[in-house]
There are 2 protein chains.
Amino acid sequence: MKMVGYPTKKVKHENKGLYLGNKGMSFEDEINQSNEYYLVHDKAVIHKKPTPVTVVKTESFGKRRVRINEAYYVQPSTTDYNGIYRGKYIDFEAKQIASKVSFPFAFIHAHQVKHLKAIVAHGGIGFVLLRFSHYQETYLIDAKDLVEKYEDSNCKSLTYIWVKENGIFIPTGYRPLLDYLKAVDAMYFKGE
Amino acid sequence: MKMVGYPTKKVKHENKGLYLGNKGMSFEDEINQSNEYYLVHDKAVIHKKPTPVTVVKTESFGKRRVRINEAYYVQPSTTDYNGIYRGKYIDFEAKQIASKVSFPFAFIHAHQVKHLKAIVAHGGIGFVLLRFSHYQETYLIDAKDLVEKYEDSNCKSLTYIWVKENGIFIPTGYRPLLDYLKAVDAMYFKGE
């Protein structure tokens with residue numbers, strides 16, 4: 001029963017949320033904790049998709065338990081997060097960058113940009129959450145803006161300055177830690 | 001490079017779709033192939049979520065490659081499929097049953113029913129695709145109907161007869177193999 005010593009991600013979040021505030025929390029943890037907050041408070045239903053793996057070898061043990069002995073990570077075909085908010089389909093990717101000056105497009109997969117473009121074409125809300133870790137600042141960038149820049153062959157990145165001007169700043173809070181739905185309201189539900 | 005001998009799921013679908021028709025295809029394969037058809041024809045963006053696993057041990061090999069040496073399947077916290085269709089958020093679970101008489105509620109997790117209920121409350125479209133493998137028949141059951149039956153403590157299953165009367169039958173086709181969006185049109189976009 002080796003599993004016992006390895007708490008699931010969920011347990012880890014809860015512990016961190018309770019005892020450590022957001023100290024040592026990853027960007028992903030902050031988003032997941034905020035999504036949990038939104039879910040519990042019936043504000044939105046947004047989940048992170050599991051990381052896809054290709055399973056090669058498994059082994060049965062105990063009573064109907066399966067241990068995976070060989071597997072590999074595979075590239076996700078979509079973005080990491082999706083769900084529903086204010087009756088609308090929501091879809092986004094979250095990226096953290098160490099650079100002080102820009103978010104290079106090499107850090108986002110072409111098929112993820114294509115996916116966000118399709119979401120917008122079908123009437124959904126698509127965006128990217130960008131965390132500049134040096135400044136500890138997070139911004140929401142609308143998918144339409146991202147796609148336009150991405151498809152401009154002269155453009156290889158989003159500069160920090162451009163992001164500050166065109167994105168919506170998301171302050172770090174307490175509950176939820178990262179209230180990105182406020183930025184969604186400001187970007188997509190203006191005056192409603 | 002052991003990975004080479006193990007084609008990804010995607011490759012398998014393509015081969016099957018091209019050379020074998022739907023012979024030997026699983027219910028899941030049929031849905032995935034239909035989703036691929038919808039995506040390519042710009043009808044909808046609906047994907048299966050990856051099966052969640054908890055990774056315990058990994059090992060690096062080659063150039064920036066990671067092999068997972070120990071992992072376990074964990075219970076999904078949501079349904080298997082979601083996406084966007086006709087501007088609406090779509091969410092569903094697919095279940096195949098061997099029984100000739102009913103779909104027992106023991107085959108669906110309580111948190112999946114709860115998730116579908118939340119989706120409906122937030123204005124999304126939620127349903128279950130039920131395949132009675134004995135009859136080779138597939139039906140769409142609206143989440144509201146499912147939830148009502150599920151929450152009725154006298155009710156432990158959906159009978160085949162009830163499903164035939166309350167669900168929408170989905171014929172097996174060629175392209176896509178399982179045109180379940182027609183059933184979605186009939187159930188949720190009547191007269192539009």
Side-chain angles (χ1 to χ4, degrees), chain A residues 2-3 5-11 35-36 38-39 42-59 61 65-79 82-91 114-126, chain B residues 2-3 5-11 35-36 38-39 42-59 61 65-79 82-91 114-126:
Chain A
K2 271 192 180 164
M3 265 183 90
Y6 298 90
T8 63
K9 275 241 157 188
K10 200 156 173 265
V11 174
N35 286 341
E36 186 122 357
Y38 293 143
L39 187 67
D42 216 20
K43 237 194 132 177
V45 183
I46 300 167
H47 288 275
K48 184 181 185 295
K49 293 185 193 172
T51 308
V53 301
T54 302
V55 174
V56 174
K57 242 190 271 171
T58 60
E59 173 193 321
F61 72 100
R65 282 178 166 280
V66 173
R67 183 190 141 120
I68 299 164
N69 283 331
E70 188 182 349
Y72 300 89
Y73 291 109
V74 289
Q75 239 183 44
S77 48
T78 64
T79 48
N82 74 356
I84 186 167
Y85 174 55
R86 293 177 73 163
K88 297 283 276 179
Y89 176 86
I90 296 267
D91 196 300
K114 197 179 158 194
H115 172 75
L116 284 171
K117 196 178 174 178
I119 292 309
V120 173
H122 282 269
I125 290 175
Chain B
K2 272 192 179 165
M3 264 182 90
Y6 298 89
T8 63
K9 275 243 152 188
K10 200 155 172 268
V11 174
N35 286 342
E36 187 122 359
Y38 293 143
L39 186 67
D42 216 19
K43 238 195 129 176
V45 184
I46 300 167
H47 288 275
K48 185 181 184 294
K49 294 186 193 169
T51 307
V53 301
T54 302
V55 173
V56 175
K57 244 190 269 171
T58 60
E59 172 193 322
F61 72 100
R65 280 179 167 279
V66 173
R67 182 190 141 121
I68 298 164
N69 283 332
E70 187 181 350
Y72 301 89
Y73 291 109
V74 288
Q75 238 182 44
S77 47
T78 64
T79 47
N82 74 356
I84 186 167
Y85 174 55
R86 294 177 74 164
K88 297 282 276 179
Y89 176 86
I90 295 267
D91 196 300
K114 198 180 156 193
H115 172 75
L116 285 171
K117 196 178 172 178
I119 293 308
V120 173
H122 282 268
I125 290 174

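Values below: every heavy atom of this structure, side chains too, minus hydrogens, waters and symmetry copies. In the text below, chain A, chain B and the rest are named by the order of the sequence lines, each starting its count at 1. A quick note: this is a predicted structure, and the numbers were derived from the prediction, not measured.
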To the nearest 0.5 Å, what is the distance between [atom1] on [X] and [atom2] on [Y]?
| X | Y | atom1 | atom2 | value |
| --- | --- | --- | --- | --- |
| B:K49 | A:N82 | NZ | CG | 6.0 Å |
| B:S77 | A:E36 | OG | CD | 9.0 Å |
| B:I68 | A:Y72 | CD1 | OH | 9.5 Å |

So which of B:P52, B:G123, B:A71, B:G83 has the largest heavy-atom pair count under 4.5 angstrom toward chain A? B:A71
Are B:Y89 and A:I90 close enough, and set up right, to give a side-chain contact (heavy atoms from CB on, under 4.5 Å), and what steps lead you there? CA-CA 8 Å; B:Y89 176 86; A:I90 296 267; over 6 Å; no
What part of [X] is in contact with chain B, defined as an atom under 4.5 angstrom from a non-hydrogen atom: side chain, backbone, both or neither?
| X | result |
| --- | --- |
| A:D91 | neither |
| A:V66 | both |
| A:A121 | neither |

Distance only, no hydrogens: is a donor on one side chain within 3.5 Å (strictly under) of an acceptor on the other, for B:N69 and A:N69? no
A:H122: ring-ring contact (aromatic ring centres under 6.0 Å, His included) partners, not counting sequence neighbours: none
Tell me every residue that passes side chain to side chain contact (heavy atoms under 4.5 Å, CB included) with A:K117, counting only those two or more places apart in sequence or in another chain. A:V147, A:E151
Per-residue contact mode, B:I119 against chain A (heavy atom under 4.5 angstrom): both
